[in-house]
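FYI, the numbering just counts along the sequence from 1. Because the structure is predicted, anything quoted here is derived from the model rather than measured.
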Amino acid sequence: MSSLSWIPRINVLFITMGNHSVFSEFILLGLSSDPQTQALLFLLFLVIYLLTLMGNLVMLLVIRADSHLHTPMYFFLGQLSFLDLCHSSVTVPKMLENLLSESKTIFVQGCLAQAFFVFATGGTEAFLLAVMAYDRYVAISSPLLYGQVMSNQLCVGLVWGSWGLAFVDALINILLAVNLDFCEGQTIPHFSCELSSLFPLSCSDTSINFTLLLCSSVLHFFGTFVLIFFSYTRIVSTIMNISSTSSRSKAFSTCSSHLTTVIFFYGSGFLSYLLPTSGSPLEMIFPLQYSVVTPMLNPLIYSLQNKEVKAAMRRMFRKYINSFT
C-alpha cells in the first residue's frame with residue numbers, strides 16, 4: 001500500500017465499462033491551488049457575489065416600486081437584473097465552496113446541470129440585450145409611436161421568447177451531452193462547468209456535440225451581436241439627423257448604459273472563446289468577467305448613468321426613512 005501513497009486521494013467514484021473507467025465525479029481545478037491565495041479569492045468573490053445580490057435586488061425593487069419606471073425600457077432592465085441574479089448564482093456559490101474545499105469535486109450530473117443553466121442564462125442575456133437595443137432604436141427613431149409599438153404584450157412576448165429560445169437550445173445541447181461517456185480524464189481546468197470544457201473529457205464521439213454547440217454559439221452570440229450592431233447603426237443614423245445638439249446628447253445618453261453593458265458582455269465573451277487556449281491562469285480573467293463581475297457591474301452602470309433611476313432610488317429611500325420617523 002505504501003508504494004501507492006503518491007496517488008492523490010481525490011475520492012473519484014467510477015465503474016468499469018470494457019476498457020474504460022467512467023467517472024461519476026469531476027474535479028474543478030478553479031483559480032489557484034495555493035491555500036492563502038484561495039482564502040483571499042474566497043473573500044473577494046464573496047464580496048462581489050453579495051454586492052451582485054444586493055445591487056440587482058435593489059434595482060428590481062426600485063423598478064417595481066416606482067411608477068415612473070413602469071416603461072418598456074425599465075421592464076427590460078428589471079429582467080436583466082433578474083437574469084444577472086440567476087446567472088451569477090449558477091456558478092459563484094460552487095466556486096466559493098471549492099475555494100474552501102480540498103476535494104473540489106462535482107458530480108457529473110451536477111456538472112451537466114450547471115452547464116445547462118450557464119448556457120441557458122448566458123443565451124437569454126444575449127437575446128435580451130438584442131431586445132433592449134431594438135427598444136432603444138424604437139424610442140429614438142419613433143418617439144411619438146413608442147408606446148404603441150412597444151406595447152405590454154410585445155414586451156412580455158420578447159422576454160418570454162428570449163428565455164424560451166435560450167432554454168430550448170440549452171436543453172437540446174444537454175440532452176445530447178448526457179449520453180456521453182466521460183472517461184478520458186476527470187479534471188476540468190476551470191472554475192465552472194461549461195460544455196466546451198466537458199467534451200474533451202469524453203471518450204465518446206463528440207463531433208455532433210461540437211457542431212451543435214458551434215451552431216448554437218453562432219445563433220446566440222454572433223446572431224444577437226449582429227442584431228445589436230444593426231440597431232445601433234440605425235440609432236446613430238437617426239441621431240445624426242437631429243439638428244439640436246442637446247437633443248443629440250440626450251438621445252446618446254439613453255443608450256450609454258446599454259452600450260456599456262453590451263461591451264462588457266460581448267467583449268469578455270468573445271475574448272474568452274476566441275483566444276487560443278494556452279493553459280495560463282490568465283485565461284480565467286475573461287470568463288470571470290462575464291459570469292461574475294459583469295452581473296455586479298450592471299446595476300452600477302444603470303444607476304450611475306441614469307438620472308431617472310437615481311431619482312427613483314432617492315424617492316424610495318426618502319419614503320423608507322420617512323416611514324420610520
Side-chain angles (χ1 to χ4, degrees), residues 51-89 121 124-166 224 227-228 231-232 234-235 238-239 246-247 249-262 265 294-324:
L51 289 175
T52 300
L53 295 179
M54 183 177 66
N56 285 288
L57 286 173
V58 168
M59 187 66 71
L60 283 169
L61 180 62
V62 169
I63 292 173
R64 183 175 180 83
D66 198 296
S67 60
H68 296 86
L69 303 183
H70 293 175
T71 64
M73 174 182 174
Y74 296 105
F75 171 71
F76 295 134
L77 178 55
Q79 294 297 318
L80 181 63
S81 293
F82 176 71
L83 189 58
D84 282 336
L85 283 174
C86 296
H87 190 68
S88 61
S89 296
T121 54
T124 303
E125 183 153 353
F127 282 123
L128 187 60
L129 289 175
V131 167
M132 294 173 75
Y134 174 71
D135 171 70
R136 291 300 82 208
Y137 163 67
V138 175
I140 291 173
S141 64
S142 306
L144 298 179
L145 300 176
Y146 177 67
Q148 298 179 20
V149 176
M150 300 303 295
S151 62
N152 290 337
Q153 184 178 3
L154 177 62
C155 292
V156 172
L158 289 172
V159 169
W160 276 110
S162 299
W163 282 95
L165 287 172
T224 53
L227 292 175
I228 293 172
S231 295
Y232 271 98
R234 301 294 298 271
I235 288 171
T238 301
I239 291 176
S246 60
S247 298
S249 177
K250 184 178 180 180
F252 273 121
S253 67
T254 63
C255 301
S256 60
S257 299
H258 176 261
L259 192 57
T260 303
T261 301
V262 167
F265 180 79
T294 297
M296 178 195 68
L297 293 178
N298 282 343
L300 294 175
I301 292 170
Y302 277 94
S303 61
L304 294 177
Q305 297 188 18
N306 192 297
K307 294 180 180 179
E308 291 181 335
V309 172
K310 287 190 287 187
M313 285 185 174
R314 285 194 293 268
R315 287 193 293 268
M316 186 186 74
F317 286 124
R318 278 200 300 266
K319 183 178 179 180
Y320 179 78
I321 293 172
N322 292 336
S323 64
F324 287 93

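- When atom types are taken as modelled, the side chain of His70 and the backbone of Ile63 share a donor-acceptor pair closer than 3.5 angstrom.
- Within a 6.0 Å sphere centred on OH of Tyr146, other residues, nucleotides and ligands contribute more than 12 heavy atoms.
- You'll find the side chain of Val58 stays beyond 4.5 Å of the side chain of Ser81, heavy atoms only.
- In this structure, CG on Leu259 lies 10.5 Å from CD1 on Ile301, to the nearest 0.5 angstrom.
- Rounded to the nearest 0.5 Å, atoms CG (Leu297) and OG1 (Thr260) are 10.5 Å apart.
- With values rounded to the nearest 0.5 angstrom, Met73 atom CE is found 8.0 Å from Cys255 atom SG.
- Taking Arg234 as the reference, Tyr137, Phe230 meet the side-chain contact (heavy atoms from CB on, under 4.5 Å) condition, with sequence neighbours excluded.
- The side chain to side chain donor-acceptor pair (under 3.5 Å) analysis of residues 71-80, with sequence neighbours excluded, yields the pairs Tyr74-Asn306, Tyr74-Glu308.
- For Tyr232, the ring-ring contact (aromatic ring centres under 6.0 Å, His included) criterion is met by His258, not counting sequence neighbours.
- Listed by chain and residue number, nothing satisfies the ring-ring contact (aromatic ring centres under 6.0 Å, His included) test with Phe265 (two or more places apart in sequence, or in another chain).
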With a cut-off of 3.5 Å and sequence neighbours excluded, list every side-chain donor-acceptor pair involving residues 147-164.
| from | atom 1 | to | atom 2 | distance (Å) |
| --- | --- | --- | --- | --- |
| Ser151 | OG | Leu154 | N | 3.3 |
| Ser162 | OG | Leu158 | O | 2.9 |

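- The shortest distance between side-chain heavy atoms of Leu57 and Leu61 does not fall below 4.5 Å.
- Between Leu227 and Tyr134, every side-chain heavy-atom pair lies at or beyond the 4.5 Å cut-off.
- Just one of Leu80, Leu83, Thr52, Leu77 meets the side chain to side chain contact (heavy atoms under 4.5 Å, CB included) condition when paired with Asn298; it is Leu80.
- With sequence neighbours excluded, the residues satisfying salt bridge (charged side-chain N to carboxylate O under 4.0 Å, His left out) with Arg315 are Asp66.
- The two residues Ser141 and Thr238 have their closest heavy-atom pair at CA-CG2, 3.9 Å.
- To the nearest 0.5 Å, atoms CE (Met59) and CG (Leu69) are separated by 9.5 Å.
- Between Ile235 atom CD1 and Ile228 atom CD1 the span is 10.0 Å, to the nearest 0.5 Å.
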